[in-house]
Amino acid sequence: MGVQLGGVLPKLEMGLEELRGKKVAIDAMNSLYQFLAIIRQRDGEPLRDSKGRVTSHLSGLFYRTANLIEAGISPIYVFDGEPPRLKRKTLEDRRALREKAAREWARALQEGRIEDAKKYAEQATRVDEWVIKDAKTLLNLMGLPWVQAPGEGEAQAAHMVRRGDAWAVGSQDFDSLLFGAPVLVRNLAITGRRKLPGKDVYVEVRPEVIELTRVLSELGITREQLVDVGILVGTDFNEGIKGVGPKKALEFVKKHGSLERAFEGMDLGVDLEEIRKIFLEPGVSDDYELKWGDPDPEGIKDFLCGEHDFSEQRVQVGIQKLMKGKGEKKQSSLEKWF
DNA sequence: CTGTCATA
DNA sequence: TATGACAGG
């Protein structure tokens, strides 16, 4: 879920064309979760192959990534490692919520409430280990680099942007800003259709770019204070304060300067320093290699069509997009040479 | 989510 | 050419 800061952050809406030629460090967990949550039939059942194995994540990852590459954008998928100790409670809470949703899903199906079924199916979404493994296999076949983070993927992705290995972090969550990402890009998809949560209503959305320096200067706060705003609203590592959204949290931090001052003598019920450290000094690694290789068309077809019953025709179109993007990349580096 | 096909 | 409904796996 991440920290909910939407609404108070300055953003720039862009066309996909403006992102051409850029590398984006994408939060893999975030993407896979969304594919699994949304790529479903009307009763909430995910896509499956003939052996009953779920394939929604492969569908989303393959077609979206092929589109990004065709658009000249180079995705670098970053996978989560070990969660910080403080995230355990959040993860357990989410598991309980998923299990409840799964029961509601079954009940809604039984009672023929199809729309409810779909809603609960979405809430029951979980990213299992085999989903990650499938994703890495597919990325390897597509000739794309991916990075294993030691800790939080968003932190590693932010680190990679700071090092200049990518232009921006791609995620729907705002956490990477707290992790110090200079640029965050949201809504990184081709078709501008996005479903409003809980309803079958779609709205047009464009990629939106959020720059950390602009955020801090326009809000008039430091990154440390932005982290404190997040802590008040709630993060993956603490619950936040009931009734406090980004607006109030921002007012609060600006008025008092820090959470210690604001809550002098009161017990916030959280280890402030430990949470701040997660965002300000996260566990990240420089030990990664970014190498773009050629896509392996036969391997992709064996995996998606042979193993998982994808349509050869559709997959072929995807492969062509990968080749086309690859060709353009070669061309642009050649152009630089001359 | 993305792709495709029918419809205007 | 644009929009909507539905299938995909």
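Lettering follows sequence order; numbering is per chain, from 1.
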* To do: Give a yes/no on whether any side-chain N or O of N67(A) is located under 4.0 angstrom from OP1 or OP2 of dC1(B).
  => no
Figure out the [atom1]/[atom2] separation between [X] and [N], and round it to whole Å.
X	N	atom1	atom2	result
H57(A)	dG8(C)	NE2	C1'	15 Å
E312(A)	dG3(B)	CD	P	18 Å
I39(A)	dC1(B)	CD1	C1'	4 Å
L58(A)	dG8(C)	CG	P	17 Å
I38(A)	dG3(B)	CD1	P	15 Å
R40(A)	dC6(C)	CZ	C1'	18 Å
R42(A)	dG8(C)	CZ	P	11 Å
L36(A)	dT2(B)	CG	C1'	15 Å

* Aromatic contact, F62(A) with F310(A) (centres under 6.0 Å) -> no
* Give one of base, sugar-phosphate or nothing for R53(A), where a contact means two heavy atoms less than 4.0 Å apart. => nothing
* Asked: Checking all strands, does S311(A) fall into the base, sugar-phosphate, or nothing category for heavy-atom contacts under 4.0 angstrom?
  -> sugar-phosphate
* Would you say D134(A) and V131(A) make side-chain contact, with heavy atoms under 4.5 Å? -> no
* Check which hydrophobic residues are tied to V317(A) through side-chain heavy-atom contacts below 4.5 Å, counting indirect links as well, and list them. => none
* Cluster partners of Y120(A), using ILVMFWY side-chain heavy atoms under 4.5 angstrom, listed by chain and number? -> W105(A), L109(A)
* To do: Kindly write out the residues that satisfy side chain to side chain donor-acceptor pair (under 3.5 Å) with Q316(A), not counting sequence neighbours, or none if the list is empty.
  => K301(A)
* Structure fact -> Sequence neighbours excluded, the answer for side chain to side chain donor-acceptor pair (under 3.5 Å) partners of K321(A) is N67(A)
Report all side-chain donor-acceptor pairs from residues 95-104 of chain A shorter than 3.5 Å, counting only partners two or more places apart or in another chain.
{"unit_1": "R95(A)", "atom_1": "NH1", "unit_2": "E99(A)", "atom_2": "OE2", "d": "3.3"}
{"unit_1": "E104(A)", "atom_1": "OE1", "unit_2": "R107(A)", "atom_2": "NH2", "d": "3.3"}

* Strand contacts (DNA chain B) in residues 314-321 of chain A, 4.0 angstrom heavy-atom criterion -> R314(A), K321(A)
